[in-house]
> 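Dumping the structure here so I can ask a few things about it.
Chain naming here is simple, since letters A, B, ... match the order of the sequence lines and numbering starts at 1 in each.
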There are 2 protein chains.
Amino acid sequence: MFVELDLQSEVPIYTQLVEQIIEGIARGQLKPGDPLPSVRSLAADLGINLHTVNKAYQIMKQEGFLQIHRKQGVVVQSGGMPGVTAEFEAKLERQLKALAAEGVVRGMQEETFVRSCLDVFRQLQGNSGKEDS
Amino acid sequence: MFVELDLQSEVPIYTQLVEQIIEGIARGQLKPGDPLPSVRSLAADLGINLHTVNKAYQIMKQEGFLQIHRKQGVVVQSGGMPGVTAEFEAKLERQLKALAAEGVVRGMQEETFVRSCLDVFRQLQGNSGKEDS
DNA sequence: CTATTTGTTATATTTAATATATAACAGATA
DNA sequence: TATCTGTTATATATTAAATATAACAAATAG
């Protein structure tokens, strides 16, 4: 897989997993119905415990990004991704506020800040919806 | 003070403190040279330990947002706030990427995402430096 | 059917971060 | 000098994160 962990990071491993898999879906590297490695194989591949992988998978299943079958394993949600929920909007605003506040204090220009947001968004969305049939 | 803690939050108390004080500076509620409560009085006020307050102050001193004198106490940086450092840019991009990726997966429109970023930024910057009545 | 692979659950342990509790120390200042 | 400031030093409790084993249950391939 395209996952690369930083074991020294303050960000928990299972969080890094969740973020990178979501990023993979956003970039179109993972498409609806695509299979993900089993918890055991991915754990062995990354040199971590299977429960850490399972925790990430569980979170993404709970949020609706993944589907899990018994023997088939884990696949990317094929029945429509979750939309922009109130919870996500709240999380977005809360985290944006902290980032924007520090930007303001550091004297960042409004255009610079918004430009960064736009660039990051486009770089992710750029390769996404190419599979549209 | 304007600080309100959520003791049940997964966000550490000292982090909530740092974020809310930075937000206060961004909003102009705290201006360069303004004094902050002593670690003991703020801790008592919030019903937390003085070391938790001290940890937040230390982080903000280390980053250059606060100045600390022996008896005078803690004041907002009056010798110029830290600018947009490479570290901040890295943090900004890393967190924005996670937020934008989830937004993309959830089918959020580019304009909607950028609009949120702009709105949040403006709401903070709007009042900076105008609090002088 | 049988064996294998899947996610799942259960228990236990280790490590690190968070937060608290006391106490004492050292500089500035009224 | 007395007092308030941040600071440092220990110690402790709690929780989250991660690991380690083991076993279970469902789906599937042979």
> Would you call A:Glu63-B:Arg106 a salt bridge at under 4.0 Å N-O?
yes

> Rounded to whole angstroms, how far apart are NZ on A:Lys55 and P on C:dG7?
18 Å

> Should A:Glu102 and B:Lys91 count as side-chain neighbours, where that means a heavy-atom distance under 4.5 Å?
yes

> Excluding sequence neighbours, so at least two apart, what forms ring-ring contact (aromatic ring centres under 6.0 Å, His included) with A:Phe113?
B:Phe121

> What verdict does the side-chain contact (heavy atoms from CB on, under 4.5 Å) test give for B:Arg27 and B:Phe2, after you've listed the backbone C-alpha separation in whole Å, the side-chain angles of each residue and the deciding distance to 0.1 Å?
CA-CA 12 Å; B:Arg27 296 195 123 101; B:Phe2 46 79; over 6 Å; no

> Check the phosphate of C:dT20 against B:Thr52, side-chain N and O only, distance under 4.0 Å to OP1 or OP2. Yes or no?
yes

> Write down the distance between CG (A:Asn49) and C1' (D:dA22), rounded to a whole number of angstrom.
13 Å

> Which whole-number value in Å describes the distance from A:Leu42 CG to C:dT6 P?
12 Å

> Got a sec: does the CD of B:Glu93 have more than 12 other heavy atoms crowding it under 6.0 Å?
no

> With B:Tyr57 as reference, evaluate B:Thr52, B:Ile21, B:Leu17 under the side chain to side chain contact (heavy atoms under 4.5 Å, CB included) test and give the passing residue.
B:Ile21

> Measure the shortest side-chain to side-chain distance between B:Gln77 and B:Ile25 over non-hydrogen atoms and say whether it is less than 4.5 angstrom.
no

> Between N or O atoms, less than 3.5 Å apart, protein on one side and nucleotides 5-8 of chain D on the other: list the pairs.
from: D:dG6; atom 1: OP1; to: B:Val39; atom 2: N; distance (Å): 3.4
from: D:dG6; atom 1: OP2; to: B:Val39; atom 2: N; distance (Å): 3.2
from: D:dG6; atom 1: N7; to: B:Arg40; atom 2: NH1; distance (Å): 2.9
from: D:dG6; atom 1: O6; to: B:Arg40; atom 2: NH2; distance (Å): 3.1
from: D:dG6; atom 1: N2; to: B:Arg70; atom 2: NH1; distance (Å): 3.2
from: D:dG6; atom 1: N3; to: B:Arg70; atom 2: NH1; distance (Å): 2.9
from: D:dT7; atom 1: OP1; to: B:Gln58; atom 2: NE2; distance (Å): 3.2
from: D:dT7; atom 1: OP1; to: B:Lys61; atom 2: NZ; distance (Å): 3.2
from: D:dT7; atom 1: OP2; to: B:Asn54; atom 2: ND2; distance (Å): 3.3
from: D:dT7; atom 1: OP2; to: B:Gln58; atom 2: NE2; distance (Å): 2.2
from: D:dT7; atom 1: O4; to: B:Arg40; atom 2: NH2; distance (Å): 3.3
from: D:dT8; atom 1: O4; to: B:His51; atom 2: NE2; distance (Å): 3.1

> Using a strict threshold of under 4.0 Å (side-chain N to carboxylate O), is an ion pair present between A:Arg94 and B:Glu19?
no

> Contacts to DNA chain D from residues 3-16 of chain B, heavy-atom cutoff under 4.0 Å, which residues?
none

